[in-house]
Enquirer: 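Structure below; questions to follow.
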Amino acid sequence: MSHDHDHDNELDPFAARVRALETILTQKGLIDPAAIDVIVDTYETKVGPRNGARVVARAWSDPAYADWLKRDATAAIASLGYTGRQGEHMQAVFNTEETHNLVVCTLCSCYPWSVLGLPPVWYKAPPYRSRAVIDPRGVLEEFGLTLPKDKKIRVWDSTTELRYLVVPMRPKGTEGWSEEQLADLVSRDAMIGTALAKQPE
Amino acid sequence: MSRHEAKLPDGFEDPVFAEPWQAEAFAMTVALHDKGLFSWSEWADALSGEVKKPDAASDGHDYYEHWLVALEKLLSAKGVAGKGEVDALAAAWERAAHATPHGKPILLENDPGLGR
């Protein structure tokens, strides 16, 4: 190898440490590189907030399903094919005229992966994790969501065992819509509680 | 609000992973949990210990750096991979990358320090 390194590759220190761990773990038979690729692909492309939006749309359309979701969200969500891989339980929290729900994880970044995919950067960042509990109204205003003063805000702190899905209120003017149309009104942020469901055009 | 660093970060629609190594570190953790090496609450405690440190960036850009440190510490505590071993192998990977012409896959065998 010559000393002309102009076109050589470089690994930054974090990437190099990850490679080192992969090497050790593969040699010890603890991971399979092909399985790692599958996990990355799943979380980058297959699991995302569309899953949660389908759960919400079903609950809006089918009162029996909504009731099941209230009583046993883990089972009701699993019935649509979305199951968590950390053995966590799910709880669905329903927004009402009186109460708005907001989800945070003050511990680290527990999040309902199976229905929302991986959390956005702000969810994992210290300001949201600390301020969502102390000043939820102020946090929501920074997201552009100003709630009426008399509306209560309930904050749910996720744990490794229990994670929350906010079911926003169904927008008016959507009577007779299909579940597919309804799901398009449900954003990721609406299911964390930092937004409402979109209004029909 | 008086504390500037308490602002919420921008970039609401950032991609899930900023760099490939972040995705790999994430996926290794999921795979090791699947394998039963640790429980998810053990993992959350390890991660929480890192992300709660006062030097954690308020915009969260260093989240996966904390993730990686947490994973290394947990693997070291479990006797799976010690820090010295990871340090040495990471250095070998960096040398191998440097010695690999652009466009060619980086292989550990390309480390010019191999076998010395």
Enquirer: Whether the side chain of A:K28 engages the backbone of B:V80 through a donor-acceptor N/O pair (distance < 3.5 Å, no angle test) should be reported.
Expert: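 Confirmed, A:K28 side chain pairs with B:V80 backbone.
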Enquirer: I'd like to check A:D12 versus B:W21 (side-chain heavy atoms, cut-off strictly below 4.5 Å). Are they in contact?
Expert: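 When only atoms from C-beta onward are counted, B:W21 and A:D12 do touch, with a gap below 4.5 Å.
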Enquirer: Testing the basics here: between A:P126 and B:A57, what is the closest heavy-atom pair and its distance to 0.1 Å?
Expert: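 Closest approach of A:P126 to B:A57: CD-O, 3.2 Å.
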Enquirer: Do B:W93 and A:F14 have ring centroids that are under 6.0 Å from one another?
Expert: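 Ring centres of B:W93 and A:F14 not closer than 6.0 Å.
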Enquirer: Heavy-atom pairs under 4.5 Å with chain A are the metric here; pick the option from B:L71, B:L108, B:D87, B:L47 that has the most.
Expert: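 Looking at each option in turn, the highest pair count goes to B:D87.
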Enquirer: Mind ranking B:E65, B:H66, B:E85, B:K104 by heavy-atom pairs under 4.5 Å with chain A and telling me who comes out on top?
Expert: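 It is B:E65.
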Enquirer: Can you say whether B:D34 sits under 4.5 Å from chain A via the side chain, the backbone, both, or neither, judging by heavy atoms?
Expert: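 B:D34 touches chain A through side-chain heavy atoms alone.
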Enquirer: Just how far is it from atom CD1 of A:I39 to atom CD of B:E24, taken to the nearest 0.5 Å?
Expert: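 Taking CD1 in A:I39 and CD in B:E24, the distance rounds to 11.5 Å.
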Enquirer: Roughly how far, to the nearest 0.5 Å, is OG1 of A:T160 from CG of B:D45?
Expert: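 It comes to 7.5 Å.
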Enquirer: Any non-hydrogen side-chain atom of B:V30 less than 4.5 Å from a side-chain atom of A:W113?
Expert: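 In short, these two side chains touch, coming nearer than 4.5 Å.
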Enquirer: Rounded to the nearest 0.5 Å, how far apart are SG of A:C110 and CH2 of B:W43?
Expert: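 Spacing of SG (A:C110) from CH2 (B:W43) equals 11.5 Å.
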Enquirer: Are the side chains of A:L21 and B:L89 in contact, using a 4.5 Å heavy-atom criterion?
Expert: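 They are not in contact (no side-chain heavy atoms under 4.5 Å apart), so the answer is no.
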Enquirer: Please step through side chain to side chain contact (heavy atoms under 4.5 Å, CB included) for the pair B:F26 and A:L118, ending with a clear verdict.
Expert: CA-CA 10 Å; B:F26 165 82; A:L118 292 177; 3.6 Å; yes
Enquirer: Taking atom CZ as the centre, does A:R154 end up with more than 12 heavy-atom neighbours from other residues, nucleotides or ligands that are less than 6.0 angstrom away?
Expert: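 At most 12 heavy atoms, drawn from other residues, nucleotides or ligands, come within 6.0 Å of this atom.
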Enquirer: Let me know if A:T106 has heavy atoms under 4.5 Å from chain B in its side chain, its backbone, both or neither.
Expert: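 It is the backbone, since no side chain atom gets that close.
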Enquirer: Please look at B:A88 and chain A and tell me whether the side chain, the backbone, both or neither of the residue comes under 4.5 angstrom of a heavy atom of that chain.
Expert: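 Neither part, no heavy atoms under 4.5 Å.
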Enquirer: Look up atom NZ in B:K52 and atom OG in A:S130, then write down how far apart they are to the nearest 0.5 Å.
Expert: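 Spacing of NZ (B:K52) from OG (A:S130) equals 10.0 Å.
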Enquirer: What are the two closest non-hydrogen atoms of A:G29 and B:K35, and how far apart are they?
Expert: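 Of all heavy-atom pairs spanning A:G29 and B:K35, the closest is O-NZ, 3.4 Å.
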Enquirer: Just by distance, do the side chain of B:S48 and the backbone of A:L107 share a donor-acceptor pair under 3.5 Å?
Expert: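 Yes.
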Enquirer: Do A:R19 and B:I106 come close enough that some side-chain heavy atom pair is under 4.5 Å?
Expert: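 Side-chain contact under 4.5 Å: yes.
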Enquirer: Side chains of B:L32 and A:L25, heavy atoms from C-beta outward: is any pair under 4.5 Å?
Expert: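 Result yes, sub-4.5 Å side-chain heavy-atom pair found.
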Enquirer: At a 4.5 Å cut-off on heavy atoms, which part of B:E19 comes close to chain A: side chain, backbone, both, or neither?
Expert: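 Side chain only.
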Enquirer: What is the distance from atom NZ of B:K83 to atom CZ of A:R17, rounded to the nearest 0.5 Å?
Expert: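 It comes to 5.5 Å.
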Enquirer: Mind listing the closest non-hydrogen atom pair of B:A90 and A:A20 along with its distance?
Expert: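 Looking at all heavy atoms of both residues, the closest pair is N-CB, 3.5 Å.
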Enquirer: For residues B:V51 and A:R129, determine if any side-chain heavy atom of one lies less than 4.5 Å from a side-chain heavy atom of the other.
Expert: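 Yes; the side chains approach each other to less than 4.5 Å.
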Enquirer: Below 4.5 Å from any heavy atom of chain B, which atoms of A:A35 appear? Answer side chain, backbone, both or neither.
Expert: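 Contact with chain B involves no heavy atom of A:A35 at all.
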Enquirer: Answer with side chain, backbone, both or neither: which region of A:P13 has an atom nearer than 4.5 Å to a non-hydrogen atom of chain B?
Expert: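 Both backbone and side chain.
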Enquirer: Go through B:E50, B:M28, B:Q22, B:H61 and name the one with the most non-hydrogen pairs under 4.5 angstrom from chain A.
Expert: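 Of B:E50, B:M28, B:Q22, B:H61, B:M28 has the most heavy-atom pairs under 4.5 Å with chain A.
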